[in-house]
Amino acid sequence: MKNYNLLLYLTMIILFTLSCDDSVIGPGHEQEPEETTVEEDIENIESSMGESLDLMSELTNGPFISTLTTFLDAQGDEFSAEVWALEKLVELGDVFNIEFTEEYPRFDTEANKGIYDWDSEMETWNEEGPSDDFILRFPSSEDSQENDMVLTVSEYADVLTNVDGEQIYLPGRLQAELEQDEEVTFSLNLKEAQYADDNDEPFLPTVLDLEVNTSPYTFSWQLDRSSDTAFSTSFYISNENTLALGVELDLEVAHSDYSELDEGDIKNLSGKLKMTEDLSINFEVGDMTSMDDVSFTNPLNAFVDLELFYKDDKVGDIEFSEESELMIIYQDESSEPLDQHYGDLLDNLQEILAYFYSPEDDDL
């Protein structure tokens with residue numbers, strides 16, 4: 001499993017428990033529950049899940065995705081966009097002051113601050129003047145003569161890190177934004193990244209605080225890796241500062257070979273899946289390294305506990321029935337199949353997440 005897909009992969013594990021094989025009972029909650037009827041609970045859940053889907057409906061057609069799609073479509077064939085962009089990056093070497101040492105290759109951002117324009121007629125970069133930032137101005141497509149795209153890097157600091165015995169510089173802080181026609185379509189703020197003294201490939205930072213905005217969406221990711229096999233992490237998707245989806249995890253795995261991790265390597269997993277601020281699922285997964293020792297019927301019942309909350313009040317549990325069907329059990333002990341009210345909503349949510357996660361692209 002590729003390291004940059006680890007969080008999304010874990011998110012899909014949680015969604016898997018809602019749409020495939022599992023059982024649930026859940027962590028306790030100290031607050032006294034608010035008295036609601038089952039009908040009110042169903043209405044509240046459907047309303048919150050619908051709100052989450054509405055907030056995420058623009059995920060695949062916002063300004064940044066639209067710009068990216070237009071750029072790729074404008075290039076004519078499958079690989080020309082990548083080739084054209086790569087050629088422009090290579091040609092930047094003609095104007096940059098790049099001093100690579102043999103031992104520690106490094107790009108000197110301070111020495112290269114300034115404004116660089118792409119000359120479409122001469123097909124070359126020109127340094128246009130000084131700046132406190134690093135600024136690239138270039139066209140949005142190969143056929144365009146106008147430098148309607150502006151990439152600005154306003155802050156960068158790197159960290160010398162040992163990866164597989166090689167000394168390399170990795171980003172510790174980074175602030176950048178991309179504009180098209182003076183509208184910001186993408187911004188990145190790496191507030192902090194720390195790394196272990198010795199790292200294998202692939203690897204994760206020990207500390208990460210990252211925020212990416214693709215208008216109107218903001219993606220926030222925090223990670224604290226206390227050891228090679230223990231993590232605390234959170235990932236949030238917000239639309240105009242309103243939470244659309246969030247995942248909070250405390251995770252312990254069996255080994256640190258992250259490229260080979262799968263669900264059977266989970267020793268402990270707990271946290272919360274949030275669909276808007278109102279609706280959340282508290283979950284706890286036990287040691288799944290012994291999953292092979294469990295009988296085939298209801299294989300996850302011995303490992304997975306889940307409880308559903310609305311505005312911090314428990315709505316019910318989700319359990320796997322003897323007929324291998326996921327059931328939601330409300331506070332009055334009445335029950336019904338999970339798909340009866342929420343199947344379409346869960347399917348739609350998974351389809352949205354699948355836009356960013358394609359299993360066939362990863363060796364899972």
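Along the sequence shown, the residues carry numbers beginning at 1.
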Strictly by modelled atom types, are Gln222 and Asp209 linked by a side-chain donor-acceptor pair under 3.5 Å?
yes
#### Entry: Glu336 CD: over 12 foreign heavy atoms closer than 6.0 Å
yes
In short, Ala196 meets Thr206 closest at the heavy-atom pair N-CG2, 3.6 Å
* Please tell me if the side chains of Asp224 and Thr233 come closer than 4.5 Å, counting only heavy atoms from C-beta onward. => no
For Glu155, the salt bridge (Lys or Arg N to Asp or Glu O under 4.0 Å) test, sequence neighbours excluded, returns Arg173
Note to self: Starting from Phe186, can I reach Leu151 by hopping between I/L/V/M/F/W/Y residues whose side chains sit under 4.5 Å apart?
What the structure shows: yes
| request: Kindly say whether Met149 contributes a backbone atom to a donor-acceptor pair with the side chain of Ser140 at under 3.5 angstrom? | output: no
### Query
With a 4.5 Å heavy-atom cut-off, do Val253 and Lys267 have their side chains touching?
no
side-chain hydrogen bond (donor to acceptor under 3.5 Å, both in side chains) between Asp41 and Thr36, worked out
CA-CA 7 Å; Asp41 289 337; Thr36 57; 2.6 Å; yes
Taking every heavy atom of Ala244 against every heavy atom of Leu55, the minimum-distance pair comes out as CB-CB, 3.7 Å
So, do Gln175 and Val153 sit near enough that their side-chain heavy atoms are less than 4.5 Å apart? no
Distance col, row Glu284:CD vs Lys272:NZ, nearest 0.5 angstrom, shows 13.5 Å
Compare all side-chain heavy atoms of Leu245 with those of Leu273 and state whether any distance is below 4.5 angstrom. yes
Exercise. For side chain to side chain contact (heavy atoms under 4.5 Å, CB included), just list the numbers for Phe138 and Tyr116, CA-CA rounded to whole Å, side-chain angles, deciding distance to a tenth of an Å, and then say yes or no.
Key: CA-CA 9 Å; Phe138 55 95; Tyr116 301 87; over 6 Å; no
Checking side chain to side chain contact (heavy atoms under 4.5 Å, CB included) for the pair Thr161/Tyr169: CA distance, chi angles, key distance, verdict?
CA-CA 6 Å; Thr161 306; Tyr169 284 94; over 6 Å; no
Margin query: Set out, in order, the CA-CA distance, both residues' side-chain angles and the distance that settles side-chain hydrogen bond (donor to acceptor under 3.5 Å, both in side chains) for Thr218 and Asn213, then state yes or no.
Written below: CA-CA 4 Å; Thr218 300; Asn213 185 280; 2.8 Å; yes
- Do Met327 and Ile42 belong to the same hydrophobic cluster, where Ile, Leu, Val, Met, Phe, Trp and Tyr are linked whenever their side-chain heavy atoms lie under 4.5 Å apart, directly or via other members? no
In terms of heavy-atom contacts, Leu190 and Leu208 come closest through CD1-CD1, 3.5 Å
Checklist entry - Which of parallel (below 30°), tilted (30 to 60°) and perpendicular (above 60°) describes Trp125 and Trp118? => result perpendicular
Can you confirm whether Phe309 sits close enough to Asn282 that some side-chain heavy atom of one is under 4.5 Å from a side-chain heavy atom of the other? yes
message: For residues Trp221 and Leu188: do they belong to one hydrophobic cluster (side chain heavy atoms under 4.5 Å, members Ile, Leu, Val, Met, Phe, Trp, Tyr)?
response: yes
Looking only at heavy atoms, the pair that brings Ser48 and Asp278 closest together is OG-CB, 3.8 Å
message: Applying a strict under-4.5 Å side-chain criterion to I, L, V, M, F, W and Y, I'd like to know whether Leu249 and Leu243 cluster together.
response: no
Taken to the nearest 0.5 Å, the spacing of Ser270 OG from Asp305 CG works out to 11.0 Å
The reported gap from CD in Glu43 to CD in Glu46 (rounded to nearest 0.5 angstrom) is 8.0 Å
Query raised in the report: Should Val315 and Val38 be regarded as members of a common hydrophobic cluster, given that ILVMFWY residues are connected when their side-chain heavy atoms come within less than 4.5 Å of each other, either directly or indirectly?
Result: yes
Quick check: do Ile135 and Arg137 have side-chain heavy atoms less than 4.5 Å from each other?
yes
**Item:** Whether Thr152 side chain and Ser154 backbone form a donor-acceptor pair below 3.5 Å
**Value:** no
*asked:* Using modelled atom types and a 3.5 Å cut-off, is there a donor and acceptor pairing between side-chain atoms of Asp119 and backbone atoms of Met122?
replied: yes
Check: Would you say the side chain of Glu260 lies within less than 4.5 Å of the side chain of His255, judging by non-hydrogen atoms?
Finding: yes
Distance col, row Thr276:OG1 vs Asp54:CG, nearest 0.5 angstrom, shows 11.0 Å
With a 4.5 Å heavy-atom cut-off, do Phe219 and Leu210 have their side chains touching?
no
Output for pair (Arg225 CZ, Tyr195 OH), nearest 0.5 Å, gives 11.0 Å
*Does Phe134 offer a backbone N or O that forms a donor-acceptor pair with the side chain of Ser131 under 3.5 Å?*
no
ask   = How far apart are the C-alpha atoms of Val207 and Glu192, what are their side-chain angles, what is the distance that settles it, and do they pass the side chain to side chain contact (heavy atoms under 4.5 Å, CB included) test?
value = CA-CA 7 Å; Val207 173; Glu192 181 181 15; 3.9 Å; yes
Q.
Taking atom CG as the centre, does Asp332 end up with more than 12 heavy-atom neighbours from other residues, nucleotides or ligands that are less than 6.0 angstrom away?
A. yes
Taking every heavy atom of Pro139 against every heavy atom of Asn147, the minimum-distance pair comes out as CD-OD1, 3.2 Å
Looking only at heavy atoms, the pair that brings Glu248 and Tyr236 closest together is OE2-OH, 2.9 Å
Quiz item: Between the main-chain N or O of Ile45 and the side-chain N or O of Ser47, is there a donor-acceptor pair closer than 3.5 Å?
Solution: no
Please test Ile281 against Glu307 for side chain to side chain contact (heavy atoms under 4.5 Å, CB included), starting from the C-alpha separation and ending with a verdict.
CA-CA 6 Å; Ile281 299 170; Glu307 285 181 333; over 6 Å; no
OH (Tyr156) and CG (Asn112) are apart, to the nearest 0.5 Å, by 12.5 Å
Inset, instruction - Decide yes or no on side-chain hydrogen bond (donor to acceptor under 3.5 Å, both in side chains) for Ser232 and Asp250, but give the supporting numbers first. - result: CA-CA 4 Å; Ser232 293; Asp250 290 310; 2.6 Å; yes
